[in-house]
2 protein chains.
Amino acid sequence: MTGQNRPSDAAPDARDHLHGDRMGDALSDAATDPVEKAATPGTSKKRSARPSRARSGAGARRVTLAQVAEVAGVSRSAASFVLTGRTDQRISDETQARVRSAAAALGYRPDVTSQILRTGQSGTIALVSEFVASTPYANRIIGAALDQARKHDTVMFIAETLGEKDTEERLLQNLVDRRVDGFIYASMFTQAVTIPDVLRGIPLVLLNCCAPDDRVPMVIPDEVEAGRAAAQTLLQHGHGEGIHYIGGPTLDFRGGPEWGGRVGTAVHDRLAGVKQELAHAGQALAGISETDNWEPQNGREAVATILAQGRAPTALICANDRLAFGAYQALAAAGLRIPEDVSLVSFDHSDLAGWLQPSLSSIALPHEEMGALAVDLLMSEKPRTGKHAIRMTLHQGNSISAPHPS
Amino acid sequence: MTGQNRPSDAAPDARDHLHGDRMGDALSDAATDPVEKAATPGTSKKRSARPSRARSGAGARRVTLAQVAEVAGVSRSAASFVLTGRTDQRISDETQARVRSAAAALGYRPDVTSQILRTGQSGTIALVSEFVASTPYANRIIGAALDQARKHDTVMFIAETLGEKDTEERLLQNLVDRRVDGFIYASMFTQAVTIPDVLRGIPLVLLNCCAPDDRVPMVIPDEVEAGRAAAQTLLQHGHGEGIHYIGGPTLDFRGGPEWGGRVGTAVHDRLAGVKQELAHAGQALAGISETDNWEPQNGREAVATILAQGRAPTALICANDRLAFGAYQALAAAGLRIPEDVSLVSFDHSDLAGWLQPSLSSIALPHEEMGALAVDLLMSEKPRTGKHAIRMTLHQGNSISAPHPS
DNA sequence: GCTCAGTGCTAACTGCGTTTAGCGACTCCC
DNA sequence: GGGAGTCGCTAAACGCAGTTAGCACTGAGC
């Protein structure tokens with residue numbers, strides 16, 4: 001990364017470095033190595049002999065506080081007091097004006113690194129997840145969180161671990177080293193997590209995941225309520241005996257077997273809510289199709305199996321939109337119409353729900369709301385701790401009607 | 001963000017700059033809470049080799065280089081030389097070993113902020129984009145880039161501007177202030193961009209976008225080649241006269257009218273490649289359906305219109321998978337079978353392609369490859385500048401067959 | 001004439017790792 | 001034995017802003 005790839009060939013700057021690997025070399029023998037190579041690119045052996053002719057172009061300007069002070073004819077301290085707005089220090093209005101205009105004239109920007117070094121605070125937060133940014137399922141969490149951070153006038157970084165503990169450790173340590181002031185620890189799908197040790201002692205909000213520690217605010221979708229809503233809308237349309245559930249409670253995802261259908265997961269809670277609501281109306285599911293995964297293929301297979309077994313259901317509740325997509329395909333293949341022959345309701349309300357024909361009634365995963373709330377909680381002085389269950393709301397499509405009189 | 005939301009109820013940490021009684025806290029705390037304490041360890045004068053509470057827990061308070069040096073019985077300079085692996089400095093093997101074991105014993109981690117302040121380098125890169133992380137279209141760019149960065153032993157941050165110039169400016173400035181060593185400036189969809197001034201003078205790679213400046217490496221998909229491949233596969237299956245293109249050249253997206261169908265965009269190049277290949281075989285498109293957008297609805301409407309006009313095409317080339325999805329729906333509604341009656345080929349090879357039945361033949365947008373290459377270029381000493389066109393490869397589905405003998 | 005409070009500012013130190021200049025001790029060589 | 005060279009290390013400066021202790025001065029009050 002030396003420098004052919006510069007938009008400006010004018011000015012080599014201090015960033016020039018070669019990729020020797022300093023820390024790595026130094027400590028490679030220490031197997032237990034606590035001082036792991038902090039990915040510090042080396043300046044070691046042949047440090048570029050380039051004179052750091054420093055600033056020239058626009059990007060390189062580094063006006064220091066000392067320069068501002070000099071121009072304003074005051075001490076650095078005074079300049080600092082003015083620019084940091086310290087009201088407990090007495091600086092005459094006239095001097096304040098001089099400092100401010102000097103700063104403006106020089107285009108002074110405080111050096112963030114020094115500020116961090118001195119204050120221990122960076123004024124930034126980070127959203128750390130395994131796969132939220134790098135997969136197409138929960139991205140809107142990110143957009144909403146960024147948007148909210150902007151409203152709080154805070155810069156938010158996104159960091160992604162790709163699910164590897166080792167990477168996570170390094171990444172978090174690096175962020176902590178950079179004095180990130182607070183963390184949002186997010187998960188692509190709702191699950192239980194262990195709070196990494198590195199984060200202890202730093203403001204934290206869990207997003208779409210939960211931990212046993214009740215002192216941490218956790219933002220999760222209210223899946224039970226969502227399940228109830230799904231059942232309710234079908235009941236309201238007159239369905240009752242012929243409701244079949246696809247998705248099932250045994251889904252393993254990545255959480256390992258012990259995670260499977262535990263309380264607090266989409267897998268468990270959506271179904272639990274459905275059952276509750278039906279029971280409340282004196283009904284019960286006609287059947288449950290457990291699927292290994294929640295992709296269209298699984299939906300197709302499940303529906304095909306159900307249909308092969310005889311009586312077609314009057315309605316299907318699918319654990320997510322992709323399963324529902326598969327159901328659409330299988331129903332079409334069997335010559336059954338939606339919603340005339342079979343009604344469908346699903347969860348997530350992804351783009352897919354709007355793409356299908358007829359459009360799919362789906363209960364939205366409130367990713368936007370969750371992302372925004374997580375930021376609000378992190379930024380608040382005294383956040384309410386524990387679980388914050390966000391309501392999942394039904395987005396009506398055209399996939400539900402009264403049951404076909406059979 | 002003061003700190004009720006702490007997983008650790010241990011009181012103040014370095015982040016609460018209560019500089020008044022910090023020391024007191026640190027000491028009393030060392031007594032009561034051996035685990036992690038935030039406050040800066042006493043200004044060190046007397047206290048010699050404190051017990052190696054090592055890296056207990058994690059918020060474990062910063063061990064400084066001075067402490068390592070003291071334990072090892074050398075000066076800070078010597079310790080620094082050893083730990084940074086400066087081979088030009090003469091330190092005996094024995095001293096080196098002492099320093100290293102002291103560092104290990106204390107769980108020393110260099111303070112990144114100080115390193116940056118002194119060296120002007122942070123050992124990190126950043127991927128900045130408008131909507132790559134926050135929308136579900138190009139996420140795999142991120143996963144691949146992260147993965148590659150990890151292979152280079154470098155931490156990569158992700159930053160997202162949400163398309164606002166103002167936010168972008170602040171974000172980039174912030175990252176530059178933090179001495180990010182290099183940038184990948186990425187776009188959700190292929191487009192021309194203006195390189196922000198802040199980035200001048202800093203290693204840069206453009207990803208999925210391009211700029212007039214030839215000194216910058218740019219990674220873009222080879223859309224013309226992709227268009228040719230799409231046409232070619234249809235020609236090979238015997239199609240010729242009845243090929244219809246959906247997507248059109250007038251798509252505006254967000255680029256403004258002057259951007260529309262410009263060379264170097266998916267909008268323009270895919271179609272251009274198709275035309276080239278057909279012309280080469282002495283053929284031409286039977287028709288082009290320009291659509292305002294590239295969503296399923298647009299595909300449905302386009303196909304409905306084509307069918308209403310009379311002769312059904314033998315094959316459709318759709319500018320992306322979502323358009324193709326709409327085409328599937330419209331063809332099904334018209335009772336036409338895929339591929340028996342109409343063949344389909346499309347671009348992007350998103351998940352959707354695999355979900356459809358029959359599976360959709362689609363030419364992959366090489367997001368993984370692009371993300372990885374961008375990182376490689378950024379990390380390389382002397383990257384090849386200018387455009388790097390990445391091959392888009394056809395993923396065969398079951399949506400193409402020989403044309404129906406009409 | 002002297003204290004006292006308030007005003008307006010500055011010198012000096014802090015954070016922490018990196019880097020330069022250079023010092024004492026020893027060896028080598030003519 | 002005197003100069004040069006090497007080895008192994010240290011003191012001190014440096015990067016930059018934030019923070020504390022305190023100084024010089026003015027005007028009021030007794």
Side-chain angles (χ1 to χ4, degrees), chain A residues 14 17 22-23 26 35 38 40 42-44 47 52 54 62-70 72-96 98-99 103 108-123 177 179, chain B residues 14-15 17-20 22-23 39-44 61-70 72-96 98-99 103 108-123 177-179:
Chain A
H17 60 266
R22 200 167 24 176
M23 288 308 246
V35 194
T40 326
T43 4
S44 62
R47 253 154 310 143
S52 88
R62 259 281 74 94
V63 177
T64 70
L65 182 62
Q67 293 171 43
V68 173
E70 192 182 348
V74 297
S75 69
R76 271 196 1 260
S77 324
S80 177
F81 292 146
V82 172
L83 296 178
T84 52
R86 285 201 38 180
T87 49
D88 58 327
Q89 292 288 332
R90 296 166 298 224
I91 307 283
S92 70
D93 287 353
E94 195 232 336
T95 303
Q96 295 209 19
R98 275 211 322 283
V99 170
Y108 171 67
R109 284 184 56 87
D111 183 301
V112 179
T113 310
S114 314
Q115 286 180 316
I116 298 175
L117 182 60
R118 190 64 241 256
T119 64
Q121 292 183 294
S122 70
D177 284 349
R179 300 293 138 81
Chain B
R15 247 154 273 251
H17 42 173
L18 311 166
H19 287 279
R22 176 160 49 177
M23 180 118 169
T40 334
T43 5
S44 91
R61 211 43 241 146
R62 287 242 89 85
V63 175
T64 69
L65 182 61
Q67 292 171 40
V68 173
E70 193 181 349
V74 296
S75 67
R76 263 180 24 246
S77 327
S80 176
F81 293 147
V82 172
L83 296 178
T84 53
R86 286 201 37 182
T87 50
D88 58 327
Q89 292 288 332
R90 294 166 298 223
I91 308 283
S92 70
D93 287 352
E94 194 233 335
T95 301
Q96 295 208 18
R98 275 213 318 284
V99 170
Y108 171 68
R109 285 186 57 86
D111 182 302
V112 179
T113 310
S114 315
Q115 287 182 316
I116 298 175
L117 181 61
R118 189 66 239 249
T119 62
Q121 294 174 187
S122 69
D177 283 349
R178 279 153 202 281
R179 300 293 138 80

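Residue numbers start from 1 in every chain, and the chains themselves are labelled A, B, ... in the order their sequence lines are given, proteins ahead of strands.
In this structure, the CG atom of A:Leu117 is 13 Å from the P atom of C:dT14, given to the nearest Å. Rounded to whole angstrom, the span from the CD atom of A:Gln89 across to the P atom of C:dT10 amounts to 12 Å.
Side-chain atoms of A:Arg90 lie closest to C:dT7 of the nucleotides C:dC13, C:dT7, C:dT10. Taking the side chain of A:Ser92 as heavy atoms from C-beta on, and the options C:dC9, D:dC9, D:dT19, the nearest nucleotide is C:dC9. Residue A:Thr64 places its side chain closer to D:dC16 than to any other of D:dC16, C:dT18, C:dT7.
One finds no side-chain N or O of A:Ser75 lying less than 4.0 angstrom from the OP1 or OP2 phosphate oxygen of C:dC9. Distances shorter than 4.0 Å separate none of the side-chain N or O atoms of A:Ser114 from OP1 or OP2 on D:dA17. For A:Thr95, a side-chain nitrogen or oxygen approaches OP1 or OP2 of C:dC9 to under 4.0 Å. Between C:dT19 and B:Arg86, a contact under 4.0 Å exists linking OP1 or OP2 to a side-chain N or O. Residue B:Gln115 places at least one side-chain N or O closer than 4.0 Å to OP1 or OP2 of C:dT18.
Contacts of B:Thr113 with the nucleic acid, taken as non-hydrogen atoms under 4.0 Å apart, are absent.
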**OP:** Start with the C-alpha gap between B:Arg178 and A:Ser122, add the side-chain angles, then the distance that decides, and say whether side-chain contact (heavy atoms from CB on, under 4.5 Å) holds.
**Re:** CA-CA 10 Å; B:Arg178 279 153 202 281; A:Ser122 70; 3.9 Å; yes
**OP:** Start with the C-alpha gap between B:Asp111 and B:Arg118, add the side-chain angles, then the distance that decides, and say whether salt bridge (Lys or Arg N to Asp or Glu O under 4.0 Å) holds.
**Re:** CA-CA 11 Å; B:Asp111 182 302; B:Arg118 189 66 239 249; over 6 Å; no
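Side-chain atoms of B:Ser77 come within donor-acceptor range of the base of D:dA11, with a qualifying N/O pair under 3.5 Å. Residue side chain A:Arg118 reaches the base of D:dG18 through a donor-acceptor N/O pair under 3.5 Å, judged by distance alone.
Heavy atoms of other residues, nucleotides or ligands lying less than 6.0 angstrom from CD of A:Glu70 number 12 at most.
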